[in-house]
Amino acid sequence: MRFYNTLTRREEEFVPLRGRQVRMYTCGLTVYAYGHIGNFRTFVCLDVLRRALKYLEGYDVRQVMNYTDVDDRTIIESEKSGLPLREYTDRYISAFQEDAVRLGLEPVEETPRATDEANLHAMTGMIEALEKNGHTYRSDGSIYFKISTMPQYGQLARLDHEGIKPGARVDADRYDKEDARDFVLWKATQPGEPTWDYGVGPGRPGWHIECSAMALRLLDGPPIDIHAGGVDLVFPHHENEIAQSEGATGTQFSRFWFHVEHLLLGEGGKMSKSVGNVFTVRDVLEKGFRASALRYVLLSVHYRKQLKFTWDSLSQADEALTRLMDCLVRLDTVPQSDVETTVTEKVEVSRRDFSEMMKADLNTPGALGVMFDFVRMVNAAIDAGEISSSDVTLVRETFEYFDQVLGVIRIRRAEDTVPPVPVEEIEKLIGDRKAARSNRDFTKADRIRDELAERGIMLEDGSAGTRWKRK
RNA sequence: GGCGCCGUCGCCAAGUGGUAAGGCAGAGGUCUGCAAAACCUCCAUCCCCGGUUCAAAUCCGGGCGGCGCCUCCA
């Protein structure tokens with residue numbers, strides 16, 4: 001499969017370095033608050049990348065996604081809440097996991113935390129290697145990475161160093177750097193802050209070191225195959241990760257760099273706390289939208305394009321998903337038949353087109369288009385009676401094939417198993433309505449239908465009887 | 001100031017040299033007690049101006065407009 005490599009600024013054919021195993025590190029959430037829908041755009045896209053590698057290419061994927069559970073923000077917020085750091089971040093890790101399940105993210109192989117002891121040891125070990133290689137200096141108990149010792153620094157971000165004006169922005173993490181571009185590897189203990197002493201002096205890790213150390217520890221050393229995250233991490237985070245890792249090991253850190261563009265709010269541009277336009281997954285659900293609709297919206301725009309999020313887009317996504325699910329439900333009503341059809345050939349074409357779309361730099365909008373073409377073909381075949389029982393099985397398998405990668409039908413189904421009205425009550429009301437209809441008491445029949453609609457249940461009369469679905 | 005991205009039907013969005021996928025919304029029709037669903041039909045020449053080419057939404061140049069990054073950030 002091909003995808004865009006930020007390192008080379010080109011689309012490239014991806015093949016793992018070691019046999020069939022893909023070793024992938026994806027930057028996870030800083031667990032000081034609930035993840036917002038922009039965070040989850042990245043995570044959903046990375047989930048699709050993972051699924052495509054796994055199910056379309058058949059690779060054995062080993063993915064590591066970290067939780068950043070110690071940094072300025074986690075420390076400040078845990079202090080405000082009066083909870084110990086670990087306990088405070090535990091809450092947001094749980095919350096993230098709940099949101100991840102709702103959005104259909106596959107569990108990854110490893111989810112390390114920066115403050116796990118083994119990881120802190122890996123970080124201090126890497127810092128010691130950097131010191132030995134002459135890439136560091138100490139100042140007031142903190143250890144800094146000296147960028148002037150890495151001539152190739154800046155390869156990923158391709159920034160013009162001369163253009164960076166020292167002091168243009170306030171750096172909360174700055175202590176006494178010799179050069180504005182230098183960054184902290186290990187921060188000296190501050191009053192009231194958590195601290196660890198594993199060989200490089202007491203303090204806590206800088207932001208970038210955790211990812212380098214954990215990636216190399218959990219993915220069997222450099223170079224790893226893929227390193228991924230949101231575009232905003234290109235600089236400085238990923239650039240600095242490269243400097244640290246390559247300064248410590250002398251070997252390329254990651255072969256491919258995969259970055260997901262930002263989600264923007266329709267009007268306000270980038271989400272930001274100060275503007276007050278940050279929405280969490282919980283906010284979306286509280287407004288009455290379903291997680292499946294959110295996942296669909298996130299897949300409906302190519303991952304390298306900015307996604308302008310609007311509430312209307314969620315409504316449109318919900319309608320599209322309804323159409324998809326209706327088609328699946330209809331398959332259950334197809335009568336037994338062994339007619340000769342051309343469905344098999346059409347299935348093959350759709351599968352091939354879908355796979356080609358996904359393998360061409362993860363073109364999810366294009367893949368959705370293929371799936372909806374397929375929906376129309378299936379609906380038309382059912383209407384025409386030109387679909388055999390074995391075709392039905394094949395069609396179901398094909399939707400499953402699409403959804404292994406898209407992951408949207410499965411969460412929609414899970415949502416549908418818990419309708420807003422108890423199933424027994426729905427079925428009783430359908431029975432009442434059927435009786436009313438046979439008595440030609442359409443007033444009563446319509447009232448039952450309207451009342452259920454108000455409660456979020458839609459009724460549809462068909463030749464095989466009445467069926468219901470969640471609105 | 002430096003680097004980069006984007007501008008396709010009312011809305012969302014693929015396509016990146018060979019004559020415009022798909023979804024939502026809309027119009028007409030079939031079906032239905034009425035609806036709903038489904039199907040059929042209809043609905044764009046791609047921000048503007050030049051240029052290259054037999055051929056451009058797709059390449060080049062110039063505008064106009066929107067956005068991102070330049071050490072908080074997915």
Side-chain angles (χ1 to χ4, degrees), chain A residues 9 26-30 35-46 71-73 157-166 168-174 177 180-183 207-208 228-237 239-240 259-264 269-274 296-297 300-302 304-308 310 312-324 326-327 329-330 353 357 360 363-376 378-384 437 440-443 445-446 449-450 453 458-463 466-467 469:
Chain A
R9 305 287 158 111
T26 56
C27 287
L29 194 64
T30 299
H36 60 244
I37 57 179
N39 293 317
F40 280 97
R41 180 192 190 191
T42 298
F43 300 139
V44 165
C45 289
L46 297 182
D71 78 324
D72 288 350
R73 290 171 297 169
R158 302 190 183 187
L159 287 176
D160 175 13
H161 297 146
E162 310 310 315
I164 298 176
K165 297 170 188 163
R169 283 212 190 182
V170 177
D171 179 6
D173 279 356
R174 185 161 38 148
K177 298 194 277 192
R181 295 178 292 145
D182 291 345
F183 57 93
W207 174 32
H208 315 296
V231 269
D232 52 321
L233 297 183
V234 172
F235 190 85
H237 188 235
E239 191 68 59
N240 289 349
H259 292 101
V260 180
E261 250 298 350
H262 277 303
L263 176 150
L264 308 173
K270 191 174 165 179
M271 285 197 290
S272 102
K273 291 243 163 86
S274 54
Y296 187 99
V297 167
S300 70
V301 180
H302 186 90
R304 286 200 288 118
K305 274 184 87 171
Q306 293 172 343
L307 186 160
K308 273 173 282 178
T310 61
D312 190 49
S313 69
L314 273 177
S315 304
Q316 294 186 5
D318 203 77
E319 289 301 328
L321 276 171
T322 299
R323 183 166 139 77
L324 176 64
D326 280 339
C327 178
V329 171
R330 277 189 92 194
D353 290 349
M357 282 294 181
N363 188 346
T364 50
L368 289 171
V370 172
M371 183 163 72
F372 278 96
D373 276 336
F374 186 71
V375 167
R376 172 174 295 114
V378 171
N379 275 322
I382 294 173
D383 275 0
R437 290 178 74 205
R440 302 196 66 78
D441 183 355
F442 296 119
T443 312
D446 289 350
R449 185 169 62 196
D450 292 345
M458 309 302 288
L459 297 187
E460 289 174 7
D461 300 323
S463 52
T466 299
R467 66 168 215 245
K469 67 182 181 189

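Just so you know, these numbers come straight off a predicted model, no measurement behind them.
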Could you work out the separation of [N] and [M] based on their [atom1] atoms and round it to a whole Å?
N: C59(B); M: C6(B); atom1: P; value: 9 Å
N: A20(B); M: C12(B); atom1: P; value: 23 Å
N: G61(B); M: C3(B); atom1: P; value: 15 Å
N: C47(B); M: U8(B); atom1: C1'; value: 10 Å
N: C31(B); M: U41(B); atom1: C1'; value: 16 Å
N: G2(B); M: A14(B); atom1: C1'; value: 33 Å
N: C11(B); M: C40(B); atom1: P; value: 26 Å
N: G29(B); M: G10(B); atom1: P; value: 24 Å

Tell me whether R41(A) contacts the main-chain N or O of E261(A) through its side chain, where contact means a donor paired with an acceptor under 3.5 Å. yes
Given RNA chain B, 5'-ward residue of the pair L321(A) and G366(A), judged by closest heavy atom: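 In this pair, the answer is G366(A).
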Can you work out whether F43(A) or R9(A) has the more 5'-proximal nearest nucleotide on RNA chain B? R9(A)
Protein-nucleotide distance ([X], atom [atom1]; [N], atom [atom2]), rounded to Å:
X: F372(A); N: A25(B); atom1: CZ; atom2: P; answer: 11 Å
X: Q306(A); N: G66(B); atom1: CD; atom2: P; answer: 14 Å
X: R304(A); N: C5(B); atom1: CZ; atom2: P; answer: 10 Å
X: L314(A); N: C12(B); atom1: CG; atom2: P; answer: 14 Å
X: L324(A); N: G22(B); atom1: CG; atom2: P; answer: 16 Å
X: N363(A); N: C12(B); atom1: CG; atom2: P; answer: 18 Å
X: E239(A); N: C69(B); atom1: CD; atom2: P; answer: 17 Å
X: L29(A); N: A74(B); atom1: CG; atom2: P; answer: 7 Å

Where the side chain of [X] is defined as all heavy atoms beyond and including C-beta, which of [options] is the nearest nucleotide?
X: P236(A); options: A14(B), A74(B), U71(B); value: U71(B)
X: S300(A); options: G22(B), C12(B), G68(B); value: C12(B)
X: T42(A); options: A74(B), G23(B), G15(B); value: A74(B)
X: D373(A); options: A14(B), G22(B), C73(B); value: G22(B)
X: L264(A); options: G22(B), C67(B), A14(B); value: C67(B)

Nucleotide opposite [N] in a Watson-Crick or G-U pair, distances under 3.5 Å:
N: U32(B); value: none
N: G68(B); value: C3(B)
N: A27(B); value: U41(B)
N: G18(B); value: C54(B)

Between Q306(A) and V231(A), is the side-chain contact (heavy atoms from CB on, under 4.5 Å) condition met? List the steps. CA-CA 10 Å; Q306(A) 293 172 343; V231(A) 269; over 6 Å; no
Salt bridge (charged side-chain N to carboxylate O under 4.0 Å, His left out) between R323(A) and D326(A), intermediate numbers included: CA-CA 5 Å; R323(A) 183 166 139 77; D326(A) 280 339; over 6 Å; no
Let me see the working for T322(A) and M458(A) under side-chain contact (heavy atoms from CB on, under 4.5 Å), right down to the final yes or no. CA-CA 11 Å; T322(A) 299; M458(A) 309 302 288; over 6 Å; no
Remember a base hit wins even if backbone is also touched, and classify [X] as base, sugar-phosphate or nothing at under 4.0 Å, heavy atoms.
X: G230(A); result: sugar-phosphate
X: G229(A); result: sugar-phosphate
X: H259(A); result: nothing
X: V301(A); result: sugar-phosphate

From [X] atom [atom1] to [Y] atom [atom2], the distance as rounded to the nearest 0.5 Å:
X: H302(A); Y: T364(A); atom1: NE2; atom2: OG1; result: 7.0 Å
X: T26(A); Y: F43(A); atom1: OG1; atom2: CZ; result: 7.5 Å
X: T42(A); Y: H262(A); atom1: OG1; atom2: NE2; result: 7.5 Å
X: R449(A); Y: T466(A); atom1: CZ; atom2: OG1; result: 9.0 Å

Does any donor-acceptor pair link the side chain of Q316(A) with the base of C11(B) at a separation under 3.5 Å? yes
So do V329(A) and K469(A) actually touch side chain to side chain, heavy atoms under 4.5 Å?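 K469(A) vs V329(A): side chains apart.
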If a protein heavy atom is under 4.0 Å from the base, mark B; if only from the sugar-phosphate, S; if neither, -; do that for nucleotides 33-42 of chain B going 5' to 3'. BBBBSSSS--
Look at the aromatic rings of H208(A) and H237(A) and report parallel, tilted or perpendicular, splitting at 30° and 60°. tilted
